[in-house]
Amino acid sequence: MIIINENLTKEGYKCSFSNVNKEVKEFREKYPQTKLFNLGIGDVSLPIIPPVLKAMTKAVKDLGSMDTFKGYGYYYGYDFLKTAIIDHDYKNLNISFDEVYVSNGAKSDTSNILNLFSNKASVLLMNPMYPVYFNSIVINGNPVDFLDLKEEKGFIPEIPNKKYDIIFICNPNNPLGITLNKEELEKWVNYALKNKSIIIYDNVYEPFLPKNEIHSIYEIPNANKVAIEFRSYSKKISFTGVRCSYYILPNTLILDKKYKKCWNERILNTFNGADYIAQRGAEASYTEKAEKLINKNINYYLENAHFLKKELIKMDFKVFGGESSPYLWVKTKNNYKSWDYFIFLLNNLNIIMIPGIIFGENGDNYMRISALGNRKDVEGAIKRLKEYYK
Ligand code: PLP
């Protein structure tokens, strides 16, 4: 019998999203009439905005005519989208065309990028963190350490004394909902420059940041020597079901000189490019009209987050995040373990929140709340909680 990749059989975290889904599914089967208030999903609830839909509809028509048909070929993304990305997302940041790689989702991008490095490269992850990073590292087989994020420090990571080759930073953070400012990020860039490390900078929640915050790690001098930045259209234009993302792999990283050539070949050999229709939709998100509608949607989610935060604080919950992010990180009451609290909320108040243990051991006294759901669910959940905690 062929031996399968034994890394796939290694145990990740004790609880995973699939356990949550299983529990919710069983509840729904048992009580089909009961309304559940979903504060758990990391999925968006608002539909795709009209200018993006219009561009996608036109793209579908392009595929139906011999003159405009598109097939294989644009492995790194179409020029029209890369131009829009450079002109809008990286204006004045000196990002060049061949540094932009359009793809089909930051989840797979932040996982696939590990193929660029030796599996002997040491990795530093925050605890708690987005669990995809950990699971990808287990599959890849890299040695990994965790940096404990502490409530008393506001969950801000402290620079380690030890050298690590690869550091994953998610900013704004999922699950914590907090944001590192420019000064904090500068410390990490300096650490990476000093230790010749590479920062995997997961910036998928950038659309939730106010204007005055840092929107790209490349705003920090010399970050283009040490950081690979990832962004996604999933939350920005409701593309969770469409799939389009991109990342910046600078030409200037402190790595073996061959890295760009090797990576480009890796793409050619394993990826046939992102969907044409999705890329036309993403391009259409950069018009003035689309930007206004996107801001409106982002504000809807942020208003959810602000409302949740205000009401939870009134009920004496300890709440983190939820300012410039669609996530809130909430301490359970009475020292409840997160899985037990999840079960309690589901069965007694019919509210879904995500148990913090899914994001790492340090999350076990916390719940992650998502503000990406619809307003009715958010208000309904708060009403239930208020009734119970009055
Ligand atoms: N990175 C983080 C931190 C996320 O929370 C998510 C989705 O929830 C992703 C990446 C995945 O994004 P995409 O939909 O582009 O795969």
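As the structure lists them, so they are numbered: ligands from 1, and atoms in each ligand from 1. Residue indices begin at 1 and follow the sequence shown.
Nearest non-hydrogen protein atom to atom 6 (C) of ligand 1 is Tyr130 OH, 3.3 Å. Given atom 16 (O) of ligand 1, the protein heavy atom at minimum distance is Arg243 NH2, 2.7 Å. Shortest contact from atom 3 (C) of ligand 1 to any protein heavy atom: Asp202 OD2, 3.3 Å.
Residues Val123 and Asp165 fail the side-chain proximity criterion, which asks for heavy atoms closer than 4.5 Å.
At least one N or O atom of Ala106 sits closer than 3.5 Å to an N or O atom of ligand 1.
Counting the atoms of ligand 1 from 1 in the order shown, those under 4.0 Å from a heavy atom of Ser234 are 13 (P), 14 (O), 15 (O). Those atoms of ligand 1 that come under 4.0 Å of a heavy atom in Gly105, given as number and element, are 15 (O), 16 (O). Set against the non-hydrogen atoms of Ser232, the atoms of ligand 1 under 4.0 Å away are 13 (P), 15 (O). Residue Cys170 approaches ligand 1 through these ligand atoms, each under 4.0 Å from one of its heavy atoms: 3 (C). Within ligand 1, the atoms closer than 4.0 Å to a non-hydrogen atom of Asn174 are 3 (C), 4 (C), 5 (O), numbered from 1 in the order shown.
Summarising the contacts of atom 7 (C) of ligand 1 with Lys235, Arg231, Lys107, Met129, the nearest heavy atom is found in Lys235.
Residue contact annotation: Tyr233 has no non-hydrogen atom under 4.0 Å from ligand 1. No heavy atom of Thr240 sits closer than 4.0 Å to any atom of ligand 1.
With 3.5 Å as the limit, one finds no donor-acceptor pair spanning the side chains of Asn171 and Asp202. Inspection of the Asp89 and Tyr246 side chains reveals an N or O donor paired with an N or O acceptor under 3.5 Å.
Between Tyr201 and Phe230, the ring center distance fails the sub-6.0 Å criterion. Between Tyr75 and Tyr101, a ring centre-to-centre spacing not shorter than 6.0 Å is recorded. The aromatic ring centroids of Tyr78 and Tyr276 lie less than 6.0 Å from each other. Aromatic rings of Phe155 and Tyr366 (six-membered ring for Trp) have centroids within the 6.0 Å cut-off, being under it.
A salt bridge does not link Lys376 with Glu379: none of the charged nitrogens is closer than 4.0 Å to a carboxylate oxygen.
Just one residue in the list Phe344, Phe317, Phe342 forms a ring-ring contact (aromatic ring centres under 6.0 Å, His included) with Tyr336, and that residue is Phe344.
Only side-chain heavy atoms of Tyr205 come within less than 4.0 Å of ligand 1; its backbone N, CA, C and O stay farther off.
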